[in-house]
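Read through the structure below, which is laid out as structure tokens, and then see the notes.
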Amino acid sequence: MSYGSTTMGSGSQSRRPFEFGRTHVVRPKGKHQATIVWLHGLSDKGSSWSQLLETLPLPNIKWICPTAPTRPVAIFGGYPCTAWFDVGDLSEDGPDDLEGLDASAAHVANLLSTEPADIKLGIGGFSMGAAIALYSATCRILGQYGNGNPYSVNLSAIVGLSGWLPCSRTLKSRMEGSREATRRAASLPILLCHGSGDDVVAYKHGERSAQMLNSVGFRDLTFRCYNGVGHYTVPEEMDEVRNWLTARLEL
């Protein structure tokens, strides 16, 4: 199932319109217990992942796979492609497009906000999609987006494959003095996976992101390295995702 484009969510007060593409939904084959929004990488689309996720033996999960807006991207010299935010460097070292990050995180939150109250909610993604999943995790624990608007979705699981943590340089200072943020961080499970041979988002960036998240209080964090694997997924990695989600969401 899919439905058409929407504009940016209420979490962002942008001067620019962000037109999101088609969203693909994979319905649960069994009892609906959890809903996960899964986010594709740069220059990809939601249908690429919905086809893969449909094959995973996770019958109690509903998958929502949106498509990012098409926009000029600095890393491609301004050439337009699907991207959750503008990026000049695929790592935590590059400048942060806070406006784009907030708009995409709000779009994801809006997709989850209509799910039934008894359903567990999660966000996962690959590469740039993983970056939005991790950014959403920080919005959840801080209770607000980067622009200060409230973030109210209660997340139960975060999965990031071959990604990085945006706004890592300011995260520690934003969390200082907030016991509530520390408490939320300690109780939010995160799975990060990265290939040691990744030549797009270097392994060191994934590793640094995991270290930063752990240092600010994300205690339930699992980091998996896949030796020799590049910027792609392998069956062993998806098996890890399946087993981890089954355990953490008690499916």
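Bear in mind the structure is a predicted one, so any value in this text is a computation, not a measurement.
- Taking each heavy atom of Pro72 and Asp86 in turn, the nearest pair found is O-OD1, 3.6 Å.
- No option in Trp84, Trp49, Phe126 other than Trp84 meets the ring pair (Phe, Tyr, Trp, His ring centres under 6.0 Å) test with His40.
- Only one option out of Ile64, Leu121, Val153, Ile132 pairs with Val37 in a side-chain contact (heavy atoms from CB on, under 4.5 Å); it is Ile64.
- Between Arg183 and Glu180, at least one side-chain N (NZ, or NE/NH1/NH2) sits under 4.0 Å from a carboxylate O, which counts as a salt bridge.
- In this structure, Arg22 and Ser47 have side chains that are not in contact, with every pair of non-hydrogen atoms separated by 4.5 Å or more.
- Minimum heavy-atom separation, Leu101 to Asp96: CD1-CB, 4.3 Å.
- Using a 3.5 Å distance cut-off with no hydrogens or angles, the side chains of Asp198 and Tyr232 do not pair a donor with an acceptor.
- The backbone N or O of Leu165 sits less than 3.5 Å from a side-chain atom of Ser209, completing a donor-acceptor pair.
- Side chain of Asn214 to backbone of Ala210: no donor-acceptor contact under 3.5 angstrom is found.
- Under the 3.5 Å distance criterion, the side-chain polar atoms of Asp102 are matched with a main-chain donor or acceptor of Gly146.
- In terms of heavy-atom proximity, Ser127 sits nearest to Gly41 at CB-CA, 4.3 Å.
- Judged purely by atom type and a 3.5 angstrom limit, Thr82 has no side-chain atom pairing as donor or acceptor with the backbone of Lys45.
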Between Trp164 and Met128, does a side chain to side chain contact (heavy atoms under 4.5 Å, CB included) hold up when you go through it step by step? CA-CA 8 Å; Trp164 72 95; Met128 177 179 268; 4.2 Å; yes
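- Looking only at side-chain heavy atoms (C-beta outward), Arg27 and Val25 come within less than 4.5 Å of each other.
- At least one donor-acceptor pair under 3.5 Å links the side chain of Lys29 to the backbone N or O of Glu54.
- Tracing side-chain contacts under 4.5 Å through hydrophobic residues (I, L, V, M, F, W, Y), one never reaches Tyr226 starting from Met238; they form parts of separate clusters.
- When side chains are defined from C-beta on, Val73 counts as touching Val87, because their heavy atoms get closer than 4.5 Å.
- Annotation: side chain of Cys225 is not in contact with side chain of His194 (no heavy-atom distance under 4.5 Å).
- Summarising the geometry of Asn60 relative to Gly30, their closest heavy-atom pair is ND2-C, 3.9 Å, with the distance given to 0.1 Å.
- Following chains of ILVMFWY side-chain contacts shorter than 4.5 Å, one cannot reach Leu192 starting from Val229, and the two form parts of different hydrophobic clusters.
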Show, in sequence, the C-alpha distance, side-chain angles and deciding distance for Thr55 and Leu52, and conclude whether the side chain to side chain contact (heavy atoms under 4.5 Å, CB included) test is met. CA-CA 6 Å; Thr55 67; Leu52 172 61; 4.0 Å; yes
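- Judged by distance alone, with hydrogens and angles left aside, the side-chain atoms of Ser50 form no donor-acceptor pair with the main-chain N or O of His24 at under 3.5 Å.
- Considering only heavy atoms from C-beta on, Leu161 comes within 4.5 Å of Val241 through its side chain.
- Residue Glu115 holds its CD atom at 3.5 Å from OG1 of Thr35, rounded to the nearest 0.5 Å.
- Using modelled atom types, no side-chain atom of Arg71 and backbone atom of Pro80 make a donor-acceptor pair closer than 3.5 Å.
- Taking the side chain as every heavy atom from C-beta outward, Trp38 and Val159 approach each other to under 4.5 Å.
- Put simply, CG on Leu134 and CE on Met212 are 12.5 Å apart, with the number rounded to the nearest 0.5 Å.
- Linking Ile, Leu, Val, Met, Phe, Trp and Tyr residues whenever their side-chain heavy atoms come within less than 4.5 Å places Leu111 and Tyr135 in a single cluster.
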Tyr203 and Phe223: CA distance, side-chain angles, deciding distance, ring pair (Phe, Tyr, Trp, His ring centres under 6.0 Å) verdict: CA-CA 11 Å; Tyr203 173 79; Phe223 183 77; 5.8 Å; yes
Output, in order, the C-alpha distance, side-chain angles, deciding distance and verdict of side chain to side chain contact (heavy atoms under 4.5 Å, CB included) for Ile36 and Leu245. CA-CA 10 Å; Ile36 296 177; Leu245 286 172; 3.8 Å; yes
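- Interatomic distance, Tyr151 OH to Gln144 CD, rounded to the nearest 0.5 Å: 13.0 Å.
- The main-chain N or O of Leu191 is never found under 3.5 Å from a side-chain atom of Thr222 such that the two would form a donor-acceptor pair.
- No donor-acceptor pair closer than 3.5 Å links the side chain of Asp220 to the backbone N or O of Ser187.
- A continuous path of Ile, Leu, Val, Met, Phe, Trp and Tyr side chains, each step under 4.5 Å between heavy atoms, connects Leu42 with Val200, placing both in one hydrophobic cluster.
- More than 12 heavy atoms of other residues, nucleotides or ligands shown are found within 6.0 angstrom of NZ on Lys62.
- Side chain of Ser178 to main chain of Arg174: no donor-acceptor pair is present (N/O by atom type, distance under 3.5 Å, no hydrogens or angles).
- The two atoms that bring Cys65 and Leu53 nearest to each other are SG-CD1, 3.7 Å, heavy atoms only.
- Taking each heavy atom of Leu142 and Met175 in turn, the nearest pair found is CD2-CG, 3.8 Å.
- Separating the NZ atom in Lys120 from the CG atom in Leu112 is a distance of 15.0 Å, to the nearest 0.5 Å.
- Annotation: the span from Glu250 atom CD to Arg248 atom CZ amounts to 10.0 Å, rounded to 0.5 Å.
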Start with the C-alpha distance between Cys81 and Phe76, add both sets of side-chain angles, then the distance that settles side chain to side chain contact (heavy atoms under 4.5 Å, CB included), and finish with yes or no. CA-CA 9 Å; Cys81 67; Phe76 294 148; 3.7 Å; yes
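- Within the 4.5 Å cutoff, the side chain of His231 has heavy atoms near those of the Ser162 side chain.
- Distance check: Ile141 CD1 to Leu213 CG gives 8.0 Å after rounding to the nearest 0.5 Å.
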